[in-house]
Amino acid sequence: MNNKIPSKSLGIFPRSWSEEQAGRIPGNIPIWVGILSELTEFAIFFVAYFIAKYNYPEVFATGPQGLSTSLGVANTIILLSSSYFMAKAMMNIRLDNRIKCERYLWLAVSCGAFYLIIKTWEFYWNNLQGLSTSTNEFYTVYYYMTFNHFLHVGWASCAILWVIFRLRAGEYSAAEYSGLEALAVYWHMIDLMWILIFPLLYVLR
Amino acid sequence: MKKFKKLEWFWAVLIFITLFNTFLGEQFESTALVSIIVALTVMYKGITVIDHFMELKHANRNLRWLMRMYLILFPSLIIATVFF
C-alpha cells in the first residue's frame with residue numbers, strides 16, 4: 001500500500017522545473033499545461049501563415065487592405081485594457097480588497113464582451129464586402145486565426161464570470177487566490193496571441 | 001503604490017505602440033524597415049505583458065523563458081519575411 005503524501009507537483013517534469021528550484025508557478029500546473037497546449041495550437045496557425053505568405057506574397061500584400069484596420073485597432077486596445085484590468089484585479093486580491101478586485105474583473109469581462117461584439121461586426125462587415133474563407137489564401141488564414149481567437153475570448157469571458165461568482169462566494173482572499181490567478185494568466189495568454197495576430201493580419205503588407 | 005503607477009505606464013506604452021505600428025502600416029509602403037520596427041515592437045509588447053501583466057518576471061524562470069522565446073521566435077519570422 002502506498003502511504004506517500006500526495007505531492008503538489010504532478011511529478012511529470014524534471015526536478016529542475018520544481019517550484020523550489022525554478023520559482024513559483026502562477027496559478028497552477030494544469031492551467032499551464034492548457035496554456036502551453038493553446039500556444040502550440042496557435043504556433044501551428046502562425047507557421048501556416050508564414051508558409052502561405054511565402055507561397056502567395058501578392059495575395060498577402062493586398063489582403064490586409066480589404067480588412068477594417070480601425071476595428072482591428074479597437075480590438076487590440078480593448079484586449080490590452082482587459083489585460084491591465086486583470087492585472088489590477090490580481091493586485092487587489094493580494095491586498096484582500098475583494099470589492100475592487102470584483103470591479104476590475106467586471107471591467108475585464110466587459111472588454112471581452114466588447115471584443116466579441118466588435119469581432120462579430122467585423123465578420124458581418126467582411127461578409128458585406130463579399131469576403132469569405134474561400135476568397136483567397138490570406139482570408140482562409142485570417143478566418144482560421146481570428147475565429148479561433150474569437151472562441152478563446154468567448155469561453156475565457158465566461159470563465160471570468162465564473163471567477164466573479166466564486167469571488168462573491170468568498171472563495172478567494174489574499175491567502176488563497178490560485179484559481180483567480182490561473183484565469184488571469186490564461187487571459188493574458190489570449191491577449192498575447194492577439195498581440196501577434198494583429199500585425200500579421202492588419203498591419204504588415 | 002509605486003507598482004500601481006508602473007502598470008498604468010506599461011498600459012499606455014502598449015497602446016501607443018499599437019497606434020504607432022498601425023500608423024506605420026497605413027502611411028508607408030511595407031518596407032523592410034517597417035517590418036523590422038513592427039517585429040521589434042511586437043517583441044517588446046509581448047515581453048512587457050509576460051513580465052508585468054502575467055507577472056512572470058519574478059516567477060518560474062522556465063515558464064518565463066518559454067513564453068519569452070515564443071514572443072521572440074514568431075516576430076523574428078516577420079523579419080525573416082523581409083528576405084523572401
Side-chain angles (χ1 to χ4, degrees), chain A residues 13-14 16-19 21-27 32 35-36 39-40 42-43 46-47 49-50 53-55 57 60-61 64-65 69-70 72-73 76-77 79-88 90-92 181 184-189 191-193 195-196 198-200 202-205, chain B residues 3-4 6-8 10-26 28-31 34-35 37-39 41-50 52-67 69-71 73-75 77-78 80-84:
Chain A
F13 300 111
S16 60
W17 274 70
S18 68
E19 290 197 75
Q21 294 198 20
R24 196 180 74 86
I25 293 172
W32 279 100
I35 286 172
L36 296 178
L39 290 178
T40 307
F42 277 100
F46 295 136
V47 169
Y49 167 91
F50 285 108
K53 188 171 182 174
Y54 178 77
N55 285 294
F60 277 73
Q65 291 164 13
T69 310
S70 51
V73 172
T76 308
I77 292 172
L79 280 187
L80 288 172
S81 302
S82 73
S83 262
Y84 164 76
F85 294 137
M86 192 58 87
K88 295 283 276 187
M90 282 309 302
M91 282 188 160
N92 279 290
E181 193 173 38
V185 287
Y186 187 83
W187 186 264
H188 293 308
M189 180 276 294
D191 182 29
L192 281 173
M193 291 305 97
I195 284 174
L196 281 170
F198 172 69
L200 296 182
Y202 294 85
V203 177
L204 296 167
R205 303 289 191 258
Chain B
K3 186 147 192 206
F4 274 72
K6 212 172 161 187
L7 262 191
E8 269 89 53
F10 285 124
W11 183 31
V13 169
L14 290 172
I15 289 174
F16 172 78
I17 291 172
T18 301
L19 296 174
F20 177 70
N21 282 350
T22 309
F23 171 78
L24 284 181
E26 290 290 302
F28 298 98
E29 286 297 310
S30 198
T31 61
V34 169
S35 296
I37 291 172
V38 169
T41 52
V42 168
M43 276 182 209
Y44 176 79
K45 281 171 79 174
I47 288 170
T48 300
V49 171
I50 289 165
H52 302 285
F53 286 3
M54 234 172 181
E55 300 177 332
L56 283 178
K57 193 172 185 180
H58 303 293
N60 191 283
R61 64 169 183 266
N62 295 315
L63 289 176
R64 187 188 185 214
W65 184 84
L66 270 176
M67 295 299 295
M69 281 305 107
Y70 195 96
L71 264 294
L73 174 69
F74 286 105
L77 290 178
I78 294 174
T81 60
V82 170
F83 304 104
F84 281 2

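Just so we're on the same page: letters track the sequence lines, and every chain starts at 1.
If you measure heavy-atom distances from A:Ala61 to chain B, you find no contacts under 4.5 Å at all. Heavy-atom distances place the side chain of B:Leu19, and not its backbone, under 4.5 Å from chain A. Proximity to chain A is limited to the side chain of B:Leu66, based on heavy atoms less than 4.5 angstrom apart. For B:Met67, the part lying near chain A is the side chain, with the backbone staying farther off; criterion is any non-hydrogen pair under 4.5 Å. With a 4.5 angstrom heavy-atom cutoff, A:Ser83 touches chain B via backbone and side-chain atoms both. Of the two parts of A:Phe42, the backbone and the side chain both hold a non-hydrogen atom closer than 4.5 Å to a non-hydrogen atom of chain B. In this structure, the portions of A:Met189 lying under 4.5 Å from any heavy atom of chain B include both its backbone and its side chain.
Of all the listed residues (A:Pro64, A:Ala43, A:Pro26, A:Gly72), the one sharing the greatest number of non-hydrogen pairs under 4.5 Å with chain B is A:Ala43. Annotation: maximal heavy-atom pairing with chain B below 4.5 Å, among A:Ile35, A:Thr69, A:Asp191, A:Leu192, occurs at A:Leu192. Ranked by heavy-atom pairs shorter than 4.5 Å toward chain A, the options B:Asn62, B:Ile50, B:Val49 are led by B:Asn62.
Remark: A:Phe50 CZ to B:Ile78 CD1 distance equals 5.0 Å, nearest 0.5 Å. Atom OG1 of B:Thr22 is separated from atom CD1 of A:Ile77 by 7.5 Å, given to the nearest 0.5 angstrom. To the nearest 0.5 Å, the span separating NZ on B:Lys45 from CG on A:Leu80 amounts to 5.5 Å. With rounding to the nearest 0.5 angstrom, the OG1 atom of B:Thr81 is 7.0 Å from the OH atom of A:Tyr49. Note that the OH atom of A:Tyr84 and the CG atom of B:Leu14 stand 12.0 Å from one another [nearest 0.5 Å].
For the residue pair B:Val42 and A:Pro199, the shortest heavy atom distance occurs at CG2-CG, 3.5 Å. Scanning all heavy atoms of the two residues, the minimum distance from A:Ser81 to B:Ile15 falls at OG-CD1, 4.3 Å. Closest of all the heavy-atom pairs between B:Glu55 and A:Glu181 is OE1-OE2, 4.3 Å.
Although no hydrogens or angles enter the test, the distance criterion places no donor-acceptor pair under 3.5 Å between the side chain of B:Tyr70 and the main chain of A:Leu36.
Side chains of B:Leu63 and A:Trp32 form a contact here, defined as non-hydrogen atoms less than 4.5 Å apart. The shortest distance between side-chain heavy atoms of B:His52 and A:His188 does not fall below 4.5 Å. Side-chain contact between B:His58 and A:Arg24 is absent, with no heavy atoms from C-beta onward closer than 4.5 Å. The shortest distance between side-chain heavy atoms of A:Leu196 and B:Leu71 falls below 4.5 Å.
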Problem set entry | Test side chain to side chain contact (heavy atoms under 4.5 Å, CB included) applied to B:Thr18 and A:Phe198, step by step | CA-CA 9 Å; B:Thr18 301; A:Phe198 172 69; 4.0 Å; yes
